[in-house]
Amino acid sequence: MASMIFIAKIKEMVNSSKPQIHYSKWVVSADEAQQLLAQGATFLDAREPALQESGCLQGAVPIGWEQFSQASPPFQGKLLEDNQLLTQKLQAFGIFNGTPVIVFGDPVNGGGEDGRIVWMLRTLGHQNAVLVDGGDQALVKAGIPTVTAVANQPPTRGDFVVSRTTAGEIGRDELKACLGCENLAIVDAREPGEYAGETPYGEQRGGHIPGAISLYYKILLGEDGKLLPRGEIVALLQQYKVTSEAEIIAYCTGGIRSGWLTSVLTDLGFTVKNYAGSMWEWSAFPVEDYPLEEEEKINLSCPQN
């Protein structure tokens, strides 16, 4: 009997020592991230390789969204379909089922890579993945030291097993069927020039999905790379006719910037799905089935008060 009580207490101590994140939270402050890291959270650096090599943060494991995406155009924005392969890849990065994952990027100069990784992990069934508000610079200011690339040790292999959920993603044909539906907000997270027809990333056709609203994702950030206050973001979104009552579908070129936008808006309580195939995929299919608009009929890139 005494041994059973002792074992129960040990289990209680182990469980209470695990870092906890509220499941609905997709974004944390640098201070919150530091506390979770002190308790053993997995730490992922989603920045561009050059930044990962020149200024590593202590304990961070470099990761790239491309490593988990399909290689062949025009599907390079979509996640790999092989769950077993994805499981193996994520375990190699030290992803555990019961351990939070802290992902950071370079919000000022980057392209939303941290949000893409968080969206990916959530979509693949990891409910404790979050991005850091303010990214690398906020973490440095919070006291996370920088080290050389060789100083960080390879991660311990994790035990995470992929269990996909479709709650936060949408496919090409499902999106096509939604065009014109009521209470739907299709949000184009790219720059206004791309929305108008520019194709800087090799899209086969230019323009935007019919009915889409032009909302460049970085307008939600301040100059320091941190998110604007919640009230300001909600008011700004209302100017773009994006409300909490709407079903939101976000897209960009390959689901990276829109993955970031999906993560941030979900954290704010909006219902959002990311179209990972985005313009790479949509523009590669016949125009009569997957139309694009080049004229700025619905472009609200400079909302008026």
Side-chain angles (χ1 to χ4, degrees), residues 19 21-22 25-39 41-68 93-95 100-122 126 128-149 151-152 155 189-191 215-230 232-233 236 250 252-268 272 274:
I21 294 178
H22 193 278
K25 198 166 192 176
W26 289 47
V27 181
V28 296
S29 69
D31 288 337
E32 289 174 311
Q34 190 175 37
Q35 293 172 11
L36 290 163
L37 290 171
Q39 299 174 54
T42 302
F43 197 27
L44 300 180
D45 181 350
R47 298 174 301 167
E48 292 292 329
L51 289 174
Q52 294 173 347
E53 294 171 3
S54 62
C56 298
L57 298 190
Q58 189 173 68
V61 178
I63 193 170
W65 64 268
E66 302 94 336
Q67 296 166 280
F68 309 94
F93 280 89
I95 310 298
V101 180
I102 310 297
V103 189
F104 71 92
D106 177 3
V108 175
N109 302 302
E113 296 87 356
D114 49 350
R116 163 70 177 215
I117 296 295
V118 168
W119 168 82
M120 175 191 75
L121 288 169
R122 294 280 185 152
H126 197 296
N128 281 356
V130 294
L131 65 90
V132 181
D133 186 15
D136 51 357
Q137 294 305 310
L139 287 166
V140 170
K141 288 182 180 178
I144 303 294
T146 57
V147 297
T148 61
N152 284 338
R190 302 173 299 162
E191 296 192 49
L215 195 162
Y216 181 43
Y217 80 104
K218 283 192 177 182
I219 67 169
L220 304 186
L221 298 171
E223 293 183 359
D224 59 357
K226 289 186 177 181
L227 289 166
L228 298 174
R230 177 188 174 88
E232 290 186 26
I233 291 179
L236 182 61
C252 57
T253 306
I256 315 308
R257 291 172 285 184
S258 56
W260 183 93
L261 189 62
T262 298
S263 294
V264 169
L265 294 188
T266 301
D267 182 76
L268 292 172
V272 195
N274 181 28

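This is a predicted model, so every value here is computed, not measured.
In this structure, the side chains of L220 and L261 come closer than 4.5 Å at one or more pairs of heavy atoms. Taking the side chain as every heavy atom from C-beta outward, V272 and V264 never approach each other to under 4.5 Å. Between L221 and K226, the closest side-chain pair of non-hydrogen atoms is not below 4.5 Å. Side-chain contact between E48 and E113 is present, with heavy atoms from C-beta onward closer than 4.5 Å.
Heavy-atom minimum distance, W26 versus D267: N-OD1, 2.8 Å. Closest of all the heavy-atom pairs between S258 and A250 is CB-C, 3.6 Å. Here the closest heavy-atom approach between residue K218 and residue V108 is recorded as NZ-O, 2.8 Å. Nearest heavy atom pair, residue T253 against residue R190, reads OG1-CD, 3.8 Å. The minimum heavy-atom distance linking G115 with S263 is given by the pair O-OG, 3.0 Å.
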Show every donor-acceptor pair shorter than 3.5 Å between a side-chain atom in residues 130-147 and any protein atom, with sequence neighbours excluded, or say none if there are none.
unit_1, atom_1, unit_2, atom_2, d
D133, OD1, L227, N, 2.8
D136, OD2, R47, NH1, 3.2

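Judged purely by atom type and a 3.5 angstrom limit, E232 has no side-chain atom pairing as donor or acceptor with the backbone of P229. Remark: the backbone N or O of G254 is paired with a side-chain donor or acceptor of R116 at under 3.5 angstrom.
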Derivation of the side-chain contact (heavy atoms from CB on, under 4.5 Å) call for V27 and V118: CA-CA 9 Å; V27 181; V118 168; over 6 Å; no

Verdict with reasoning, I63 to F68, per side-chain contact (heavy atoms from CB on, under 4.5 Å): CA-CA 10 Å; I63 193 170; F68 309 94; 3.6 Å; yes

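M120 CE to I256 CD1: the interatomic distance, rounded to the nearest 0.5 Å, is 10.0 Å. Distance CD1/I219 to CG/L236: 4.0 Å, rounded to 0.5 Å. Atom-to-atom distance recorded for R257:CZ and E191:CD is 6.5 Å, nearest 0.5 angstrom. Put simply, CG on L265 and CG on N274 are 11.0 Å apart, with the number rounded to the nearest 0.5 Å. One distance of note links CG of L57 with CG of L37; it measures 9.5 Å at 0.5 Å rounding. Going from atom CZ of R122 over to atom OG1 of T262 covers 12.5 Å, rounded to the nearest 0.5 Å.
Ring geometry for Y217 against W260 counts as perpendicular: the plane angle is over 60°, on a 0 to 90° scale with 30° as the lower cut.
The residue from T42, D45, D114 that alone fulfils the side-chain contact (heavy atoms from CB on, under 4.5 Å) condition with V103 is D114.
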